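Keep in mind that what you see is a predicted model, and the values were worked out from it rather than measured.
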Amino acid sequence: MSSTAPKSPAVHNLDSTPASPPLAAASATNFVLGESVEMPSSTPQCRGYDFNQGVDVAKIMDAMMTTGFQATNMARAVEEIRRMRRWRLSDTEWKEGDDPELKDPAVRKSIRAKIFFSYTSNQISCGQREVIKFLVQHKMVDVLVTTAGGIEEDFIKCFRPTYMGDFSKYKGKDLRLKGINRIGNLLIPNNNYCQFEDWFAPLLSKMHDEQESTGKFWTPSTMIERMGKEIDNEDSVYYWAAKNGIPVFCPALTDGSVGDMIYFHSYKRSGFVLDIAGDITKVNDAAVRSHATGMIILGGGLVKHHTCNANLMRNGADFSLFINTGQEFDGSDSGARPDEAISWGKIRITAQPVKLYAEATLVWPWIVAETFAKDFDEEKWKEEIEATKVWL
């Protein structure tokens, strides 16, 4: 074998004699217009919606799949929700070693995926509350996970409204002196929280009485359920959660106004216990006792990790949709892509998860319009819910 090293092309050799202009032009042409391979015939072509067809929202949404960038991810988000809602145990074959009770094809056809729906508190602060209420009212999701503000602000809105403001018009110092709080471009007067306290403080005392008389501690989920039963207001997300038996998990329930009330209560009367250990068993069991699970997570932080970690207990969720603006460069769980969750076992390696980079208020109502609310017929939906289950 020759020991002589192969010669590099002249264009990469800094010591070579420059090529003549005609040769240089020919080389440049080859570099710029190098021949490409043929794309497979099945590859979708990029094409957006043509408004010469008129305004058809459904077709506009369909066209997003081939629009590119986050429009395509939005279309994929719609499809991922459709997939988790369509899934039935009958999609997989029974095999030897499986539970004999699950062998009957009719039984397999009646078992659907359990949907975990998680959201940060700002989704209740804003008008997404009404969208979320629709899902819970009609039992379209099976488990809720949120933060403290996502609980209390739902109840606060039952007493007083949140107002539209502006991101930059009002100075924080001026608002503070007026007793008005700002959430982005929303305004909430302090009186809203005062009225919530007037309602919740007596209920907290009653719950303390019941703890002492029964010896049973409240967990965040049982406290939220009790609040939902007491509010008696159909505008409330948690009124419907309590009515429909949908558990609501909020491990950081004390990180807000509810926590403030418990703090004030403790100086009047000590001994009230809020047991978060009881709920970790419940939320993990909710995932384990499922034949398939789907996760829809609006935002990041606690709600994202708490939901994903519960699904780790069953070797990952089968379907997943993350909607947030987080980036992964800082190593945060909030910004982590679904592929990172796969590495932990929080999403199954066979899944086709979607992350949509978007501010949720811009996209979630449209996604709901194309999935949960599309062709919604209340009576037919009730029949389907009654005919199916998430665990046998």
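In terms of modelled atom types and a separation under 3.5 Å, the side chain of Q211 and the main chain of W218 share no donor-acceptor contact. At least one donor-acceptor pair closer than 3.5 Å links the side chain of T147 to the backbone N or O of S121. Remark: side-chain polar atoms of K157 are paired, donor with acceptor, to backbone N or O of I124 under 3.5 angstrom. With E80 contributing its side chain and S320 its backbone, the two residues share a donor-acceptor pair below 3.5 Å. Judged purely by atom type and a 3.5 angstrom limit, D98 uses its side chain to pair as donor or acceptor with the backbone of K95. For the pair N244 (side chain) and I246 (backbone), a donor-acceptor distance under 3.5 Å is absent. One N or O on the side chain of K114 and one on the backbone of R289 form a donor-acceptor pair closer than 3.5 Å. Checked by atom type and distance alone, the side chain of W87 never pairs as donor or acceptor with a backbone atom of T293 at under 3.5 Å. A donor-acceptor pair under 3.5 Å is formed between the side chain of R348 and the backbone N or O of R314. Without hydrogens or angle criteria, W381 side chain to H138 main chain gives a donor-acceptor distance under 3.5 Å.
Linking ILVMFWY side-chain heavy atoms closer than 4.5 Å, directly or via other members, places W366 and M65 in two distinct hydrophobic clusters. L89 is connected to I115 through a chain of hydrophobic side-chain contacts under 4.5 Å among Ile, Leu, Val, Met, Phe, Trp and Tyr, so both are in one cluster. Tracing side-chain contacts under 4.5 Å through hydrophobic residues (I, L, V, M, F, W, Y), one never reaches L274 starting from I280; they form parts of separate clusters. Follow the hydrophobic side-chain contacts under 4.5 Å out from Y119 and you reach V78 in the same cluster. Connection of V390 to V141 is not established within any shared hydrophobic cluster, with ILVMFWY side chains joined at heavy-atom distances below 4.5 Å, either directly or through further cluster members.
You'll find the side chain of L186 reaches within 4.5 Å of the side chain of C126, heavy atoms only. You'll find the side chain of Y239 reaches within 4.5 Å of the side chain of D232, heavy atoms only. Side-chain contact between N311 and I347 is absent, with no heavy atoms from C-beta onward closer than 4.5 Å. At least one side-chain heavy atom of L102 sits less than 4.5 Å from a side-chain heavy atom of R108. Between I367 and I323 the shortest side-chain heavy-atom distance falls below 4.5 Å. Under the 4.5 Å side-chain criterion, counting only non-hydrogen atoms from C-beta, Q137 is not in contact with K243. Within the 4.5 Å cutoff, the side chain of T222 has heavy atoms near those of the K282 side chain. Side-chain contact between E152 and I224 is absent, with no heavy-atom pair separated by less than 4.5 Å.
Counted within 6.0 Å of CE on M164, heavy atoms from surrounding residues, nucleotides or ligands total more than 12; the atom is thus considered enclosed. Counting non-hydrogen atoms of neighbouring residues, nucleotides and ligands closer than 6.0 angstrom, the CD atom of E101 reaches no more than 12 such neighbours. Crowding of K374 atom NZ: a count of heavy atoms from other residues, nucleotides or ligands under 6.0 Å exceeding 12. Enclosure of atom CH2 in W391 by more than 12 non-hydrogen atoms of other residues, nucleotides or ligands within 6.0 angstrom is indicated. Surrounding CD1 of I342 are more than 12 heavy atoms belonging to other residues, nucleotides or ligands, all under 6.0 Å away. Within 6.0 Å of the NZ atom in K389, the count of heavy atoms belonging to other residues, nucleotides or ligands exceeds 12. More than 12 heavy-atom neighbours from other residues, nucleotides or ligands sit within 6.0 angstrom of CZ on R86. For CG of L177, the number of neighbouring non-hydrogen atoms (other residues, nucleotides, ligands) closer than 6.0 Å is greater than 12.
For the pair K59 and Y49, the cation-pi test (distance below 6.0 Å, angle within 45°) is failed.
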For K382 and I385, run side chain to side chain contact (heavy atoms under 4.5 Å, CB included): C-alpha distance rounded to whole Å, both residues' side-chain angles, the deciding distance at 0.1 Å, then the answer.
-> CA-CA 5 Å; K382 282 181 179 178; I385 286 295; 5.8 Å; no

Salt bridge (Lys or Arg N to Asp or Glu O under 4.0 Å) between E370 and R82, worked out | CA-CA 9 Å; E370 282 299 294; R82 288 174 178 170; 3.4 Å; yes

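Remark: D209 engages R269 in a salt bridge, criterion side-chain N to carboxylate O under 4.0 Å. Taking 4.0 Å as the cut-off between side-chain N and carboxylate O, E230 and R226 count as a salt-bridged pair. Under the 4.0 Å criterion applied to side-chain N and carboxylate O atoms, E384 and R88 are assigned as salt-bridge partners. Comment: R129 engages D154 in a salt bridge, judged by a side-chain N to carboxylate O separation of less than 4.0 angstrom. Using a 4.0 Å cut-off between a side-chain N of Lys or Arg and a carboxylate O of Asp or Glu, E234 and K133 do not qualify as a salt bridge.
For the atom pair Q128 CD and L298 CG, the distance stands at 6.5 Å (nearest 0.5 Å). The OG atom of S236 sits 13.5 Å away from the NZ atom of K229 when rounded to the nearest 0.5 Å.
Partner of F134 under the ring-ring contact (aromatic ring centres under 6.0 Å, His included) criterion, chosen from F376, F372, W240: F376. A side chain to side chain contact (heavy atoms under 4.5 Å, CB included) with Y193 holds for exactly one of D260, I188, D198; it is I188. Put simply, the residue from D91, D142, D318 that forms a salt bridge (Lys or Arg N to Asp or Glu O under 4.0 Å) with R112 is D142.
Ring pair Y263/Y267 is perpendicular by interplanar angle, where above 60° counts as perpendicular and below 30° as parallel.
Using modelled atom types, one finds a donor on one side chain and an acceptor on the other under 3.5 Å when comparing Q70 with N73.
Ring centroids of F200 and F155 are separated by 6.0 Å or more, keeping the two rings apart.
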Show me, pair by pair, the donor-acceptor contacts under 3.5 angstrom made by side chains of residues 353-365, not counting sequence neighbours?
{"from": "K355", "atom 1": "NZ", "to": "N324", "atom 2": "OD1", "distance (Å)": "3.0"}
{"from": "K355", "atom 1": "NZ", "to": "G326", "atom 2": "O", "distance (Å)": "2.8"}
{"from": "K355", "atom 1": "NZ", "to": "G335", "atom 2": "O", "distance (Å)": "3.1"}
{"from": "E359", "atom 1": "OE1", "to": "T361", "atom 2": "OG1", "distance (Å)": "2.3"}
{"from": "E359", "atom 1": "OE2", "to": "T361", "atom 2": "N", "distance (Å)": "3.0"}
{"from": "E359", "atom 1": "OE2", "to": "T361", "atom 2": "OG1", "distance (Å)": "3.0"}

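Contact detail for T67 and G48: the closest heavy-atom pair is OG1-CA, 3.9 Å. For F272 against M223, the heavy-atom pair with the smallest separation is CZ-CE, 3.6 Å. Taking each heavy atom of A252 and A148 in turn, the nearest pair found is O-CB, 3.3 Å. Here the closest heavy-atom approach between residue Y238 and residue G150 is recorded as OH-O, 2.6 Å. Smallest separation of non-hydrogen atoms from S110 and A387: CB-O, 3.5 Å. Of all non-hydrogen atoms in S334 and G301, the two that sit nearest each other are OG-N, 2.7 Å.
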